Asker: 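After the structure tokens below, expect a handful of questions from me.
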Number of protein chains: 2
Amino acid sequence: MTVTIYDVAKEAKVSMATVSRVLNGNPNVKPETRKRVQEVIDRLNYRPNAVARGLASKRTTTVGVIIPDISSLYYSALVRGLDDVAEMYQYQTIITNTDFNPEAERDALFNFMSKQVDGIIYLGGILNEDTLKDIENTSIPVVLCGTSEHDDKFASVNIDVEAAMDTVIQDFIDKGHKKCAFVKGYYSEQLMYHFERGIRRSFERNNLEFKDEWVIDGFSKYDEAPEIYKILKEKDLDIVISMNDAIAIGIIHAAQEDGKNVPEDMEVLSCANTRLVHMSRPTLSSVRTPLYDIGAVGMRLLTKYMKGEAVSHPDVILPHYIDYRGSTKK
Amino acid sequence: MTVTIYDVAKEAKVSMATVSRVLNGNPNVKPETRKRVQEVIDRLNYRPNAVARGLASKRTTTVGVIIPDISSLYYSALVRGLDDVAEMYQYQTIITNTDFNPEAERDALFNFMSKQVDGIIYLGGILNEDTLKDIENTSIPVVLCGTSEHDDKFASVNIDVEAAMDTVIQDFIDKGHKKCAFVKGYYSEQLMYHFERGIRRSFERNNLEFKDEWVIDGFSKYDEAPEIYKILKEKDLDIVISMNDAIAIGIIHAAQEDGKNVPEDMEVLSCANTRLVHMSRPTLSSVRTPLYDIGAVGMRLLTKYMKGEAVSHPDVILPHYIDYRGSTKK
DNA sequence: ATTCTCAATGAAATCCTTTTCATTACTAAT
DNA sequence: ATTAGTAATGAAAAGGATTTCATTGAGAAT
């Protein structure tokens, strides 16, 4: 039925070992032998069984990716970056959606181990201690992308979100503002924590108070924005930093429906940087996080680990920019 | 180092076969033996090697997914549907982005075969004849999702796009319109073809001509919308059916910037149905394609094939609706 | 001519399961 | 008491590659 390496060996009158050598580009094969074997491979249309190969070599050319939700523009942009680089290096990815559920993350991890992935990219939420230990034991390389976990244990790729927030807040304060809302989103706790810390730090440095009640949490979708707007209005907050850009757009729309103008009556800035920022009116000011690049660099890093290469800088910080567009005042 | 089935067998004083039976829920194990083995499994923290298992059983619990671009809202919604059902049935997915490149699709397919996937979900563009034949030879089950390929060879899940377009056009004609633009997007040729055919059919039935020049092709991104708008204006087309909703929104914005009002001066309807439709002002009228469900049903179908179950209706047509929102007149 | 290297190749072990087939130990039936 | 039938188990093969180690042969060095 299916052609195996044995069939090729027999047909080419060599041993399986030699066929294997040809397959893997091992130089210890006489050119004419190589040619003969290659001809048989082509003629028989032989394609190696990656599963058998994986069992024998202990390498599967597969990496596991843990992600909250692939249908989010934010995460799918990261994944596209990952995938393109993975493709370049001949790896395939297995993606598992976890919706920030720690149990789902744990299951995913165990699945990856069972499937003998060569590496893991983690874009997720919180790894609990047990799971963490399990991973370390396997010695499967792990790279964290955009979760802002400054952890010694794993390599990571991020932007400096605290610095970004610092800049943003300083700009607002310089324009004379003394308060702002911070609307969290559907991201990892750590990431949200770091954003908030950047904001607080900036307020502190300016000897201004950042009130806990300015943090608005528990919303994840565009549809919920009117509720958020209501809260903002109650608290008389007219500077809004939203982690999620769909929600930011929703807030703008809610304000507009309430007869307000953005940015004149309310300024909105998003921390995500998906394609949506261009698609609202006014266009959405935002922190330009290079999502695709974070994914790409993360996977590149992982390939190095998987090949056993030395990595000089395991914690990569990519540059970020603040793009002031229509939803903030000059 | 790593615990194998052999270690468990030795420790539990049974043969590997019995451990395997316990692992796979085979009923031919005495309850007390099962318990003893299970205890050892837990104690040793044994987790089966899926690669070895795959080699021995010829089943990998992995399905390959071919997709143009995971970072598209349209396709990632489909994939989320797929993934959730796959998860339910204990399958993992390997996703490959192809950007509609036939060669990339072919490579992906060969990769899947090599990795011995149990099934394939195809959301892609055009399978050329050779590749098609290769797939058939492997007897790997394939399900087509949302590509609108009414092909006897493979199972498929779709909406009836021609009927959808027919309804839409009929509505426009009933409102007194005699022409409309059809803006293609970044989708498969077949899908676009079926949409166009639905439009043409409707025009014909009303004894109206649909001109070739009303078909606008070659654009894929929001940013390109101003160009499209220019063309629309030249051709004096004020009814626009766009396959892509980001582009539809772009056209609306371009019109607004040109001092026009939507829907008063120009009506726009999108055929995709991503979350974006709610996020524009005016909100975007669209064909409500149940993307998530198409993916989910497709994967469900595939699980049946993979388990060798009979499938009574291999070509599923899911219901669709036309959602008239703010971008079209009542 | 003999020894030494090194390139080229093959035999066989190995990777870790599942699965088939044979065997043993019981229980029920006659 | 004997046989038949069945439940429970084990031994060993199979799955398709890689990899280690041994071997062969040819050319270089002595």
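Chain identifiers are assigned alphabetically (A, B, ...) following the order of the sequence lines, protein sequences preceding nucleic acid strands; residue numbering begins at 1 within each chain. It should be emphasised that the depicted structure is a prediction, and the values quoted were computed from it without experimental measurement.
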Asker: Which nucleotide sits closest to the side chain of V29(A): dT9(C), dA8(D), dA11(C)?
Answerer: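 Nucleotide nearest to V29(A)'s side chain: dT9(C).
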Asker: Taking atom C1' of dT18(D) as reference, at what distance in whole Å does atom CG of N49(A) sit?
Answerer: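 Roughly 13 Å, once rounded to whole Å.
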Asker: Does any part of the side chain of M306(B), heavy atoms only, come nearer than 4.5 Å to the side chain of Y89(B), both counted from C-beta?
Answerer: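 Result no, sub-4.5 Å side-chain heavy-atom pair not found.
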Asker: Within less than 4.0 Å of OP1 or OP2 of dT19(D), is there a side-chain N or O belonging to S57(A)?
Answerer: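 Answer is no, no contact under 4.0 Å.
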Asker: Of the listed nucleotides (dT17(C), dT18(D), dG10(C)), which one gets closest to any side-chain atom of M16(A)?
Answerer: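 For the M16(A) side chain, the nearest candidate turns out to be dT18(D).
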Asker: Using side-chain heavy atoms (C-beta onward) and a distance below 4.5 Å, is D84(A) in contact with Y292(A)?
Answerer: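 Heavy-atom side-chain distance check passes, below 4.5 Å.
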Asker: Restricting to non-hydrogen atoms, name the atom on D69(B) and the atom on Y75(B) that form the minimum distance, rounded to 0.1 Å.
Answerer: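 Minimum heavy-atom separation between D69(B) and Y75(B): O-CB, 3.6 Å.
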Asker: Expressed as a whole number of angstroms, how long is the span from K10(B):NZ to dA11(D):P?
Answerer: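 In whole Å, dA11(D) P and K10(B) NZ are 14 Å from each other.
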Asker: Examine dT18(C): is either OP1 or OP2 under 4.0 Å from a nitrogen or oxygen in the side chain of N24(B)? Give yes or no.
Answerer: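 Yes, such a contact exists.
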Asker: With no hydrogens and no angle check, is any side-chain donor or acceptor of T93(B) less than 3.5 Å from a backbone partner on I95(B)?
Answerer: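 Between the backbone of I95(B) and the side chain of T93(B) there is no qualifying donor-acceptor contact (under 3.5 Å).
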Asker: Nearest heavy atom decides the nucleotide; on that basis, is A56(A) or A52(B) closer to the 5' end of DNA chain D?
Answerer: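 Checking each residue's closest nucleotide, the 5'-ward one belongs to A52(B).
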Asker: Is there a ring pair (Phe, Tyr, Trp, His ring centres under 6.0 Å) between F100(A) and Y186(A)? Walk through the geometry before answering.
Answerer: CA-CA 9 Å; F100(A) 292 113; Y186(A) 197 53; 4.9 Å; yes
Asker: Calculate the interatomic distance between K30(B) atom NZ and dT27(C) atom P; express it in whole Å.
Answerer: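 Taking atom P of dT27(C) as the reference, NZ of K30(B) is at 10 Å.
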Asker: Output the rounded distance in Å from CG (N26(A)) to P (dT20(D)).
Answerer: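 For the pair N26(A) CG and dT20(D) P, the rounded distance is 11 Å.
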Asker: What's the closest nucleotide to the T4(B) side chain, out of dA17(D), dC16(C), dT9(D)?
Answerer: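 That would be dC16(C).
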Asker: Looking at K58(B), I'd like to know whether one of its side-chain N or O atoms comes within less than 4.0 Å of OP1 or OP2 on dG16(D).
Answerer: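 Answer yes for this pair, as a side-chain N or O of K58(B) is under 4.0 Å from OP1 or OP2.
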Asker: Is any side-chain N or O of T18(B) closer than 4.0 Å to OP1 or OP2 of dT9(D)?
Answerer: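 No, outside the criterion.
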Asker: Take atom CD of E32(A) and atom P of dA8(C), then tell me their distance rounded to the nearest Å.
Answerer: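 Spelled out: CD on E32(A) to P on dA8(C) is 10 Å.
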Asker: With sugar-phosphate meaning primed atoms plus P, OP1 and OP2, does R34(B) contact a base, only sugar-phosphate, or nothing at under 4.0 Å between heavy atoms?
Answerer: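 The answer is nothing, as R34(B) stays clear of every strand by at least 4.0 Å.
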Asker: Rounded to whole angstroms, how far apart are CD on Q116(B) and P on dT18(C)?
Answerer: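 After rounding, the gap between these two atoms is 17 Å.
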Asker: OP1 or OP2 of dT18(C) less than 4.0 angstrom from a side-chain nitrogen or oxygen of R53(B), does that happen here?
Answerer: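 So the side-chain polar atoms of R53(B) do come within 4.0 Å of the phosphate oxygens OP1 or OP2 of dT18(C), strictly under.
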Asker: Without swapping roles, check the side chain of K115(A) against the backbone of T60(B) for a donor-acceptor pair under 3.5 Å.
Answerer: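 Yes; judged by distance alone, with no hydrogens or angles, the pair exists.
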Asker: Grab the CD1-C1' distance between I41(B) and dT17(C) for me, whole Å please.
Answerer: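 Interatomic distance, CD1 of I41(B) to C1' of dT17(C): 13 Å.
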Asker: If you check every side-chain atom of S20(A), which of dT9(D), dT18(D), dC16(C) has the closest atom?
Answerer: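 That would be dT18(D).
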Asker: Using heavy-atom distances to pick each residue's nearest nucleotide on DNA chain D, tell me which of P27(B) and L55(A) is more 5'.
Answerer: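 Final value for this comparison: P27(B).
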Asker: Spell out yes or no: do the side chain of R21(A) and the base of dG10(C) have one donor N/O and one acceptor N/O closer than 3.5 Å?
Answerer: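 Answer yes: a donor N or O sits under 3.5 Å from an acceptor.
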Asker: For a quick test of reading the model: is some side-chain N or O of N28(A) closer than 4.0 Å to OP1 or OP2 of dT9(C)?
Answerer: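 No, outside the criterion.
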Asker: Looking at Y46(B), I'd like to know whether one of its side-chain N or O atoms comes within less than 4.0 Å of OP1 or OP2 on dC16(C).
Answerer: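 So the side chain of Y46(B) is outside the cut-off, no N or O lying under 4.0 Å from OP1 or OP2 of dC16(C).
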Asker: Check this one for me: any side-chain N or O of S15(B) less than 4.0 Å away from OP1 or OP2 of dG10(D)?
Answerer: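 For dG10(D), OP1 or OP2 has a side-chain N or O of S15(B) closer than 4.0 Å.
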Asker: Looking at every strand, decide which applies to V14(A) at a 4.0 Å heavy-atom threshold: base, sugar-phosphate, or nothing.
Answerer: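 V14(A): backbone/sugar contact only, no base atoms under 4.0 Å.
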Asker: Expressed in angstrom and rounded to an integer, what is the separation of K35(B) atom NZ from dA8(D) atom P?
Answerer: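 Spelled out: NZ on K35(B) to P on dA8(D) is 17 Å.
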Asker: Does R47(B) place a side-chain N or O at less than 4.0 Å from the phosphate oxygens OP1/OP2 of dT17(C)?
Answerer: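 Looking at the OP1 and OP2 atoms of dT17(C), neither is under 4.0 Å from any side-chain N or O of R47(B).
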